[in-house]
Amino acid sequence: MTDSTVTDAAAAPVLVLNGPNLGRLGSREPDIYGHLDHTGLTERVHRWAAELGLEVDVRQTDDETELVHWLHEAVDAGADVVLNPAAFTHYSYALRDAAAQVTTAGLRLVEVHLTNPATRETFRHTSVISGVATGTIAGFGAASYRLALSALVGSQND
Ligand code: DQA
């Protein structure tokens, strides 16, 4: 990889993409997902990114099609992705195929979860995304996103 490739890759803001029902954080099952709402999560992600010297673009949608299109956008822009696919994690082959395009393009995609799905209902034990992700971070609440961003920085020059 040339120096200019590294510079170009670093220039595209990391897309931080949140799937269905994550816009309801704060009021949605707070015993499981905590009291931080999506606006608060977005603010924290921006702060952590700034501390790490990253630019981020944080988005949320309940719409599978929109999420797929955002992953296409990441490929075209050369952007790394932090993705919380929410319930799509467990069954969306369309999202998996879109995520695979990110990683086969040589970009990084970190799958994140607030909770640890492996400790929850059986249907959450399957992730159709993990097999095409660069890595997965789950179970640390909002800090899962901070860990995902640091993983991107930590592996940037490898
Ligand atoms: C989640 C876990 C999923 O099982 C669930 O459907 C979500 C949130 C998490 O962040 O812990 O909506 O992705």
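Positions are given from 1 along the sequence. Order of listing sets the numbers, starting from 1, for every ligand and every atom in it.
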message = Closer than 4.0 Å to some heavy atom of Arg28 - which atoms of ligand 1 meet that?
response = 7 (C), 12 (O)
task = Specify the protein heavy atom at minimum distance from atom 7 (C) of ligand 1: its residue, its atom name, and the distance to 0.1 Å.
result = Tyr33 OH, 3.5 Å
ask   = Applying a 4.0 Å heavy-atom criterion (strictly less than), which segment of His113 is in contact with ligand 1: side chain, backbone, both, or neither?
value = both
Leu17: which of Leu109, Leu71, Asp57 passes side chain to side chain contact (heavy atoms under 4.5 Å, CB included) = Leu71
query = So, do Asn84 and Tyr145 sit near enough that their side-chain heavy atoms are less than 4.5 Å apart?
reply = yes
task = If you have a sec, work out which protein heavy atom is nearest atom 5 (C) of ligand 1 and how many Å separate them, to one decimal?
result = Arg124 NH1, 3.3 Å
task = For atom CZ of Arg28, decide whether the heavy atoms of other residues, nucleotides or ligands shown that lie under 6.0 angstrom number more than 12.
result = yes
message = On a heavy-atom basis, I'd like to know which of Asn21, Ile129, Leu114, Val112 is closest to atom 9 (C) of ligand 1.
response = Leu114
request  = Return yes if some donor-acceptor pair links the side-chain N/O of Asp80 with the main-chain N/O of Arg108 below 3.5 Å, else return no.
outcome  = yes
ask   = Looking at Thr115, which atoms of ligand 1 are within less than 4.0 Å of one of its heavy atoms?
value = 2 (C), 9 (C), 11 (O)
inquiry  = I'd like to check Gln60 versus Leu25 (side-chain heavy atoms, cut-off strictly below 4.5 Å). Are they in contact?
reply    = no
query = When the ring planes of Phe88 and Tyr91 are compared, do they come out parallel, tilted or perpendicular, using 30° and 60° as the limits?
reply = perpendicular
message = Show the atoms of ligand 1 that are less than 4.0 angstrom away from any heavy atom in His90.
response = 3 (C), 4 (O)
message = Closer than 4.0 Å to some heavy atom of Ala87 - which atoms of ligand 1 meet that?
response = 6 (O), 12 (O)
